[in-house]
Amino acid sequence: MEGSHEPKLGAYTPGSRWMQPQPAKSNRKKWIVMGILVAVVGAIIIAVVVGVVVSHNKSSNNKNLSTSSSGSSDPNDPSQFTKDTNLHQSLYGIAYTPVGSQLPDCGNSLAAVIQDIQIMSQLTPRVRLYGADCNQSALVLEAIKQTKVNMTVYLGNYPVPTDNGTAYTRQRDVLKQAIQTYGTEHIGGVTVGNEFMLNYVTGNGITDVNSAAANVGAQILLGNIQDTQSMLQSLGVSLPVGNADAGSYFSNEVLAAVNYGMANVHPWFANVSAQASAGWTADFFAEQDVALANGLANKPTMYIAETGWPTKSSDAGNANNGASDASVANLQTFLDTFVCQANANGTGYFFFEFADEDWKDKQFGGVEGWWGLFNQDRTLKSGITIPNCQTS
Ligand SMILES: *[C@@H]1O[C@H](CO)[C@@H](O)[C@H](O)[C@H]1NC(C)=O
Ligand SMILES: *[C@@H]1O[C@H](CO)[C@@H](O)[C@H](O)[C@H]1NC(C)=O
Ligand SMILES: *[C@@H]1O[C@H](CO)[C@@H](O)[C@H](O)[C@H]1NC(C)=O
Ligand SMILES: *[C@@H]1O[C@H](CO)[C@@H](O)[C@H](O)[C@H]1NC(C)=O
Ligand SMILES: *[C@@H]1O[C@H](CO)[C@@H](O)[C@H](O)[C@H]1NC(C)=O
Ligand SMILES: *[C@@H]1O[C@H](CO)[C@@H](O)[C@H](O)[C@H]1NC(C)=O
């Protein structure tokens, strides 16, 4: 058991809405878009792994993914797996958390991660992780190695502002080990911080993320970023180091210290309709995040860290964002209007997310657990058609 003084990773109040720290130029950008939290502790249903999939398929109306989602055709060679014709490599990237990767209830497995990588490799050449607990970095790198797929992973370290560096250091050490074991060939970068500044300013009642009060938190994060840069240097490897936060919560000083920034941009939480969501996401990202980065001397590369649409809510109160429902049809609308258009525009984004996350639903309710393209059993959600346009 971890000490009660140590907050659960990424703990936050689900369903909360965060106002933008500064007045927005236009009304529709009045509200900040925030991220859906990922690396939090929760009960994980370990049963959602390889092996239960085929029986699920038999009893469900979902598209038959049993060949790919049940893993390799040859269990001794994960690189031999049947491709699913419903899947297309159209997504720039996917946000991914292996099942069972939250302390203290680690329950992930290489077999399950191999299955996920086999499926995701048919959708994208890139995934991003949020944290490094429960050996998830090594599991993903091992799965890429065994499946021999063309996949780049952006590793993550999910520090918390209030634990005196405990979570940061723990994750840094396993990240270091994974990089030493697997090398950098399949690593796109190391992302230090996920919604760190959002959590810091909301936790301390601060409105301006670039104020002196907020900068106290930014210095903690900067210390972690610099420490990761030193760690990589000590290994003699050259990897980009980045930071991820809600789209309106980047500290300028933090962004000025990294190679890339990843911004959560969520039309759902901004109460934008499904029809308007793709254009809104593009505008918000350009105006809030790309513009900020371009104004900095180091000009960090900017990505959308998360964007997507929930397919249902566990309670009636969150079933609609005021403009549109949480529904498969609206996720499809977002897919149809965002994915190929963002590809054509050269936007780097990580679709949120690969599969529904049961622990989030149990812990937070509402729409939190229902953002997956796939159900928890790794079947494609019934009614979802993956857009067909090759990503670069
Ligand atoms: C689904 O795939 C399984 C395994 O390949 C196969 O036995 C079954 O007939 C398929 N079902 C449908 C409806 O295609
Ligand atoms: C982490 O995963 C890798 C790859 O499966 C494995 O070799 C290693 O032993 C694991 N480490 C721990 C501490 O479980
Ligand atoms: C915080 O961590 C540092 C070393 O990382 C240690 O020297 C210090 O005593 C810790 N402070 C508290 C309050 O635990
Ligand atoms: C979005 O709509 C919900 C429900 O209609 C409302 O409770 C919430 O305050 C709105 N949030 C924003 C950011 O406008
Ligand atoms: C792509 O670029 C066009 C032209 O700037 C813009 O209208 C559109 O919103 C963008 N779409 C996406 C998904 O990036
Ligand atoms: C791997 O994927 C990247 C990104 O799409 C692409 O640029 C590269 O050509 C691919 N490499 C191979 C060997 O297919």
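Start at 1 and go down the list; that is how both ligands and their atoms are numbered.
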**Asked** Got I384 and L335 here, is their nearest side-chain heavy-atom distance under 4.5 Å?
**Response**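 Side-chain contact under 4.5 Å: yes.
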
**Message:** To the closest 0.5 Å, what do you measure between CG (L87) and CG (L123)?
**Reply:** 5.0 Å

**Request:** Identify, by atom number and element, the atoms of ligand 6 in contact range of N150, meaning under 4.0 Å from any of its heavy atoms.
**Result:** 1 (C), 2 (O), 3 (C), 8 (C), 10 (C), 11 (N), 12 (C), 14 (O)

**Asked** Looking at F81, does the NZ or CZ of K83 lie under 6.0 angstrom from its six-membered ring centre and within 45 degrees of the ring axis?
**Response** yes

Donor-acceptor under 3.5 Å ([X] side chain, [Y] main chain):
{"X": "S273", "Y": "A276", "value": "yes"}
{"X": "T311", "Y": "V328", "value": "no"}
{"X": "N215", "Y": "A218", "value": "no"}

**Item:** N or O pair under 3.5 Å between R126 and ligand 6
**Value:** no

**Prompt:** Any disulfide (SG to SG under 2.5 Å) pairs touching residues 183-216, not counting sequence neighbours?
**Reply:**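 Listed once each, the pairs would be none.
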
Pairs under 3.5 Å, nitrogen or oxygen of ligand 5 with protein nitrogen or oxygen:
residue  : atom   : partner : partner atom : Å
ligand 5 : 2 (O)  : N345    : OD1          : 3.1
ligand 5 : 2 (O)  : N345    : ND2          : 2.2
ligand 5 : 11 (N) : N345    : ND2          : 3.1
ligand 5 : 14 (O) : N345    : ND2          : 2.9

**Message:** Less than 4.0 Å is my threshold; does some heavy atom of Q89 fall inside it relative to ligand 6?
**Reply:** no

